[in-house]
Visitor: 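This structure is in structure tokens; I'll ask about it shortly.
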2 protein chains.
Amino acid sequence: MLPTKLVECVPNFSEGRDTAKMEKILDCFRGKAGVKLLDYSHDTDHNRMVVTIAGQPEPVRDTMIQAIGTAVQLIDLNHHTGEHPRMGAADVVPFIPISHMTMDEAITLSREVGQEVARQFDLPVYLYESAATAPHRVNLAEVRKGEFEGLAEKMENPLWKPDFGPDKPHPTAGASIIGARHFLIAYNINLHTDRLDIAKAIAKRIRHSSGGLRYCKALGVALTSQSMVQVSINLTDFSRTSLYQVFEMVRMEAGRYGVEIANSELIGMIPLQALADTAAYYLRFEALSIDKVLEYKIWE
Amino acid sequence: MLPTKLVECVPNFSEGRDTAKMEKILDCFRGKAGVKLLDYSHDTDHNRMVVTIAGQPEPVRDTMIQAIGTAVQLIDLNHHTGEHPRMGAADVVPFIPISHMTMDEAITLSREVGQEVARQFDLPVYLYESAATAPHRVNLAEVRKGEFEGLAEKMENPLWKPDFGPDKPHPTAGASIIGARHFLIAYNINLHTDRLDIAKAIAKRIRHSSGGLRYCKALGVALTSQSMVQVSINLTDFSRTSLYQVFEMVRMEAGRYGVEIANSELIGMIPLQALADTAAYYLRFEALSIDKVLEYKIWE
């Protein structure tokens with residue numbers, strides 16, 4: 001018997017406030033053979049929901065086409081406000097090869113999904129990261145620049161012709177950014193202050209693009225509902241840039257302003273090795289192999 | 001089909017220097033159907049080897065009888081020196097119910113092993129912890145007090161008549177302490193000093209028996225080969241007394257003496273939840289459910 005191919009998908013939807021709409025999207029992932037809904041979280045300030053699913057390539061593909069269609073139908077970006085940058089209803093849809101699967105296979109999967117949602121829902125689609133069709137389209141932030149409001153103008157530039165679908169934005173759902181990438185940890189650190197300039201300054205200090213840690217992306221976000229600000233972080237290779245490095249750098253920079261870290265949160269999943277690396281740093285293990293981790297539940 | 005019963009066993013053998021002897025003991029656990037050798041570590045200063053196995057009750061029982069016999073045959077405590085207290089060649093043999101198994105079943109298993117090794121190898125056996133036959137025999141430290149050298153005299157006291165086997169020590173292998181208990185984390189913290197009195201003072205401060213943390217046992221040990229001292233810790237309920245609490249208390253107490261923590265080490269396994277709790281504390285997650293942990297390897 002061939003080993004089972006396994007792919008993860010972490011779609012980001014531009015709805016984090018309306019429970020009924022979020023539930024309709026989540027229902028697409030429930031009770032599907034070959035697909036497991038691993039995690040989801042939403043945020044009122046971001047006005048965004050991030051879902052983590054994993055499963056076999058074909059069922060994950062079919063489920064994602066259905067979920068994107070549901071988001072296109074339910075979410076109107078003309079009436080969307082939120083802290084997090086966004087261009088589409090189903091804003092970003094990355095496929096991540098987990099086991100017995102190559103990046104090329106994940107790229108193929110992302111292209112199939114992109115082509116099909118463009119056709120079925122008349123939706124422009126950009127391919128990004130490993131699936132990008134040009135170097136200037138690799139980076140998500142570059143593709144999303146201008147957001148929903150600037151999309152019509154952006155599309156007039158031949159450099160930003162979509163990979164699939166019409167050459168003008170979907171009137172309510174904008175465009176979707178679909179692609180394939182390596183596993184990343186999405187991780188937010190909340191600060192005991194409401195000064196957004198401080199979160200932005202810290203994000204700038206720690207992120208790779210402006211001189212910080214090699215595999216760290218970061219931006220400063222206001223959490224108005226909690227009177228706090230947040231450094232919102234993507235760790236694109238946790239084996240090289242560690243969670244604890246990011247945390248300690250944020251603490252260090254926050255110290256300049258006399259600001260304390262309030263708490264932090266994971267969006268989606270964390271690999272076991274990243275947990276082991278964190279414990280090893282703080283408890284001063286020389287190393288901690290995941291072979292030493294006893295998973296009671298695997299025997300249940 | 002009935003769910004598989006799973007028991008862990010963590011035998012401690014009084015040999016941590018002679019590789020050939022350790023390998024002969026380890027061979028008892030290799031290639032056995034229904035038994036998995038999960039981990040082993042040995043230490044020259046302790047002169048001790050700790051093995052972790054898990055499996056189905058009957059194969060684990062039969063394998064442990066064989067391994068205890070091998071240790072009795074190979075190890076002569078008349079020529080044994082080491083930092084760690086010990087009473088027998090196969091010094092301590094705890095059985096830990098992991099899944100689909102009650103503590104009563106683990107107690108039965110420990111009694112079967114004790115009875116059989118007493119018969120086969122003419123070895124006195126004390127039952128301890130949940131398997132103890134009297135309240136004064138519950139605590140391992142009490143049972144082992146006097147160690148190998150004081151065993152003959154101890155056995156003259158009717159309170160310390162063995163549960164199985166002869167009423168006098170095995171001439172070379174002493175006595176074995178066999179029982180059933182809950183899962184524990186064995187965890188050592190090494191200090192940048194060679195002053196044993198400091199390790200002993202810290203151990204006294206943090207352990208339950210002298211006023212410290214409720215589920216913490218600790219003793220101070222010299223690591224002569226590394227010119228360091230160690231606080232050697234057993235955490236008997238990590239869900240109530242956390243690893244990070246112990247680590248931070250040791251750091252705090254060490255600070256009084258101007259001593260730094262050099263590193264720390266796990267002996268045996270660590271449950272996933274304990275890792276998650278550690279990361280959550282240091283990274284200030286409000287909580288970290290193990291459902292958020294992605295175990296790549298389970299799909300490989």
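We name chains A, B, ... by the order of the sequence lines, and we start the count at 1 in each one. On a predicted model such as this, the values are computed, not experimentally measured, just so you know.
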Visitor: Just wondering, are more than 12 heavy atoms of other shown residues or ligands nearer than 6.0 Å to CZ in B:Arg205?
Guide: no
Visitor: Is it true that atom NE2 of B:His208 has more than 12 heavy atoms of other residues, nucleotides or ligands lying nearer than 6.0 Å?
Guide: yes
Visitor: In terms of heavy-atom pairs under 4.5 Å with chain A, which of B:Asp277, B:Leu288, B:Leu275, B:Thr278 leads?
Guide: B:Leu275
Visitor: What part of B:Tyr187 gets closer than 4.5 Å to chain A, counting heavy atoms only: side chain, backbone, both or neither?
Guide: side chain
Visitor: Determine whether more than 12 heavy atoms belonging to other residues, nucleotides or ligands lie under 6.0 Å from atom CD of B:Glu260.
Guide: no
Visitor: Given heavy-atom pairs under 4.5 angstrom as the criterion, report whether the side chain, backbone, both or neither of B:Ala262 touches chain A.
Guide: backbone
Visitor: Checking heavy atoms, do the side chain of A:Asp39, its backbone, both or neither come under 4.5 Å from chain B?
Guide: side chain
Visitor: Answer with side chain, backbone, both or neither: which region of B:Glu286 has an atom nearer than 4.5 Å to a non-hydrogen atom of chain A?
Guide: both
Visitor: To the nearest 0.5 Å, how far apart are CG in B:Leu243 and OH in A:Tyr282?
Guide: 15.5 Å
Visitor: At a 4.5 Å cut-off on heavy atoms, which part of B:Glu248 comes close to chain A: side chain, backbone, both, or neither?
Guide: neither
Visitor: If you count heavy atoms of other groups shown closer than 6.0 angstrom to CZ of A:Arg240, is the number above 12?
Guide: no
Visitor: More than 12 foreign heavy atoms under 6.0 Å from NZ of A:Lys204: is that the case here?
Guide: no
Visitor: Return the minimal non-hydrogen interatomic distance between A:Leu283 and B:Phe247, and the atom names on each side.
Guide: O-CE1, 3.3 Å
